[in-house]
Amino acid sequence: MSRLFLFQLLSLLFVLFPSPSRSYPFNTAYHIDCGGQANSTDRFNTTWLADRFFTAGSAGLVSEPLRFTSLTEKTLRFFPISAGKKNCYTVPVPDGRYYVRTFTVYDNYDGKSRTPSFDVSVEGTVVFSWRSPWSEDTAVYGAYSDLFTAVSDGAADVCFYSIATDSPVIASLELIQIDPASYNSSSTGNNSILVNYGRLSFGSEQWGPGFTNDTDLFGRTWQPDAEFRSPNSAQAKSVSTNHNILNTDQSPNYFPMKLYQTAVTAIGDGDLEAERVFDVVINEKNVTRVDIYKEVGGFAAYSWHYTVKNLSSTILSVKLVAVVGVPVICGLENYAIVPVDLSTVPDQVLAMRALKESLRVPDRMGWNGDPCAPTNWDAWEGVTCRSIKGESALVISQM
Ligand SMILES: *[C@@H]1O[C@H](CO)[C@@H](O)[C@H](O)[C@H]1NC(C)=O
Ligand SMILES: *[C@@H]1O[C@H](CO)[C@@H](O)[C@H](O)[C@H]1NC(C)=O
Ligand SMILES: *[C@@H]1O[C@H](CO)[C@@H](O)[C@H](O)[C@H]1NC(C)=O
Ligand SMILES: *[C@@H]1O[C@H](CO)[C@@H](O)[C@H](O)[C@H]1NC(C)=O
Ligand SMILES: *[C@@H]1O[C@H](CO)[C@@H](O)[C@H](O)[C@H]1NC(C)=O
Ligand SMILES: *[C@@H]1O[C@H](CO)[C@@H](O)[C@H](O)[C@H]1NC(C)=O
Ligand SMILES: *[C@@H]1O[C@H](CO)[C@@H](O)[C@H](O)[C@H]1NC(C)=O
């Protein structure tokens with residue numbers, strides 16, 4: 001699969017005016033406690049739903065529950081091969097754009113001391129590939145993963161595909177509706193999924209939904225930048241302010257004010273309002289000159305993004321090179337732009353689901369999600385597919 005990389009840089013200066021507070025206009029949100037038996041509210045006042053919307057599988061529990069602070073991280077759902085090779089969560093939602101977050105953990109829940117290999121798709125496109133052995137940390141403590149996707153068929157499909165005979169596993173699944181214009185979707189469109197490969201808040205600890213009481217309307221969580229700084233950034237120092245920042249929590253990306261209240265800059269610079277002009281160098285290529293004061297004035301949020309095409313290394317390096325004053329940065333997000341895979345024509349999907357009902361096709365046949373997609377997984381057992389219309393959709397050619 002060809003992958004383009006989009007990369008976002010956010011930057012700041014500060015303002016003294018409060019930003020207007022309006023209610024967030026997108027209200028569909030599901031927080032599903034996979035394997036959980038009861039609805040619950042966590043210590044951050046998020047309401048979790050008892051496990052539902054899944055096609056099959058069994059509920060499980062991590063082997064050392066005391067390691068996890070949140071109930072939703074301790075319980076999980078796994079899909080043994082007897083439940084079929086392909087299983088899904090199908091959550092009915094209004095069409096639109098969504099933030100999808102999963103929490104995946106193993107913690108030897110099955111006593112086999114072997115992490116499973118499996119793929120995860122969203123809306124019929126493979127987005128995550130888990131391969132055994134997982135890193136020690138992830139196996140024991142689990143990991144959150146997230147992405148942005150469009151939903152245009154009335155339901156969000158998150159599917160799991162067993163590699164060999166391993167049991168896919170998931171501990172929580174969240175779907176939060178976001179602004180349809182976010183992340184410049186007019187150019188990336190509904191035909192791409194943005195898979196998150198890092199979301200840093202400079203000069204800060206981990207924060208956001210599930211970690212602290214700080215809000216982020218999209219549900220994004222932000223991780224500290226410190227471990228990603230290069231050794232020659234020794235002169236970098238963290239700064240923070242309680243001032244209000246203009247242009248935060250605004251359409252379409254709703255970056256929270258907290259993101260802009262901490263930053264990393266260079267030692268010896270005490271004046272947050274000073275003029276700052278710097279060049280942004282990505283993978284050794286000078287891509288832009290930023291003059292924050294000229295762009296937005298003082299005490300206001302500024303963001304900028306850049307797409308790296310044909311990324312050939314696994315490391316993305318970002319350098320801020322001073323021109324006037326010293327550079328400053330508050331946040332940085334990195335996404336893989338994954339083109340949406342082909343899917344089966346909608347009429348045939350409906351017909352096949354009806355057939356599944358009337359024939360009472362057993363779980364082990366894996367007749368879940370799209371009959372033919374993702375294209376690099378096996379189709380439903382007993383079904384053969386091919387592409388049509390100049391390779392823009394899939395149809396069933398044989399049963
Ligand atoms: C959990 O809440 C949902 C929505 O409010 C409700 O439909 C469901 O019956 C509840 N489930 C349990 C197990 O209480
Ligand atoms: C988050 O806020 C709620 C309600 O204000 C409070 O009860 C809770 O203690 C807070 N949690 C943390 C971890 O600060
Ligand atoms: C918790 O959430 C409920 C609605 O989900 C809200 O009514 C209540 O005010 C919230 N409590 C706190 C302390 O934020
Ligand atoms: C969004 O993408 C379009 C087309 O690539 C570009 O012209 C526009 O400047 C972008 N908008 C923002 C806010 O970056
Ligand atoms: C994406 O899909 C939504 C909902 O189906 C639609 O309203 C919107 O116009 C689409 N956007 C683009 C860029 O095609
Ligand atoms: C870096 O690129 C920007 C815009 O492309 C340009 O204005 C600037 O002069 C360049 N910097 C250097 C040091 O060449
Ligand atoms: C990316 O690779 C494709 C195919 O190898 C090539 O056609 C295209 O020109 C490359 N794009 C850039 C920006 O290098």
Side-chain angles (χ1 to χ4, degrees), residues 6-11 21-61 69-77 89-94 99 101 154-156 170-177 207-219 221 232 249 256-258 266 275-296 302-309 316-329 332:
L6 167 77
F7 151 84
Q8 276 214 326
L9 253 184
L10 320 168
S11 211
S21 75
R22 275 176 292 139
S23 80
Y24 187 60
F26 309 97
N27 37 29
T28 301
Y30 285 97
H31 306 271
I32 301 166
D33 176 11
C34 306
Q37 308 291 323
N39 292 337
S40 62
T41 301
D42 69 14
R43 68 204 156 106
F44 306 115
N45 203 27
T46 296
T47 303
W48 290 83
L49 288 176
D51 204 2
R52 55 196 298 201
F53 304 122
F54 51 82
T55 53
S58 309
L61 182 69
T69 47
S70 140
L71 178 67
T72 61
E73 294 177 345
K74 303 179 197 202
T75 59
L76 54 89
R77 172 158 297 272
Y89 275 82
T90 300
V91 185
V93 293
Y99 170 81
R101 176 161 79 155
I170 179 167
S172 74
L173 172 63
E174 299 171 84
L175 291 155
I176 298 170
Q177 191 176 16
W207 60 276
F211 291 90
T212 66
N213 266 333
D214 301 297
T215 50
D216 178 303
L217 292 167
F218 281 14
T221 56
N232 62 5
D249 285 300
M257 189 182 300
K258 180 176 168 66
E275 194 182 5
R276 296 162 190 279
V277 181
F278 52 88
D279 287 340
V280 179
V281 178
I282 297 176
N283 285 356
E284 307 307 323
K285 184 177 165 201
N286 168 31
V287 294
T288 192
R289 176 159 290 183
V290 173
D291 183 340
I292 305 171
Y293 202 86
K294 197 171 112 202
E295 294 290 341
V296 292
Y302 174 69
S303 77
W304 174 82
H305 74 234
Y306 181 72
T307 305
V308 181
K309 292 184 175 146
L316 193 60
S317 93
V318 179
K319 217 181 318 181
L320 305 180
V321 181
V323 178
V324 180
V326 295
V328 64
I329 182 168
L332 186 157

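We're numbering straight along the sequence, starting at 1. As the structure is a computational prediction, the values presented were derived from the model and not from experiment. Counting starts at 1 for both ligands and their atoms, following the listed order.
- For the residue pair Tyr89/Asp51, the side-chain donor-acceptor check at 3.5 Å is satisfied.
- In terms of polar-atom proximity, Asn39 is counted as a contact of ligand 1, with an N or O under 3.5 Å from an N or O of the ligand.
- Scanning all protein heavy atoms for the shortest distance to atom 9 (O) of ligand 6 gives Arg289 NH2, 3.4 Å.
- A 4.5 Å side-chain heavy-atom check between Tyr302 and Tyr293 finds every atom pair outside the cut-off.
- Taking every heavy atom of both residues into account, Pro256 and Thr215 meet most closely at CB-O, 3.7 Å.
- Among all non-hydrogen protein atoms, the one lying nearest atom 13 (C) of ligand 6 is Asp279 OD2, 3.3 Å.
- Residues Thr28 and Phe26 are not in side-chain contact: their nearest non-hydrogen atoms beyond the backbone lie 4.5 Å or more apart.
- When each of Tyr99, Trp48, Tyr30 is checked for a side-chain contact (heavy atoms from CB on, under 4.5 Å) with Glu174, only Trp48 meets the rule.
- Note that atom 7 (O) of ligand 3 has no protein non-hydrogen atoms nearby, at separations under 4.0 angstrom.
- The shortest distance between side-chain heavy atoms of His31 and Thr72 does not fall below 4.5 Å.
- What sits closest to atom 12 (C) of ligand 3 on the protein, heavy atoms only, is Asn45 ND2, 3.2 Å.
- Under a 4.0 Å criterion applied to the non-hydrogen atoms of Asn286, ligand 6 contributes the atoms 1 (C), 2 (O), 3 (C), 8 (C), 10 (C), 11 (N), 12 (C), 14 (O).
- Among all protein heavy atoms, the one lying closest to atom 5 (O) of ligand 6 is Val287 O, 4.2 Å.
- Counting protein heavy atoms only, atom 4 (C) of ligand 1 is closest to Leu49 CD2, 3.8 Å.
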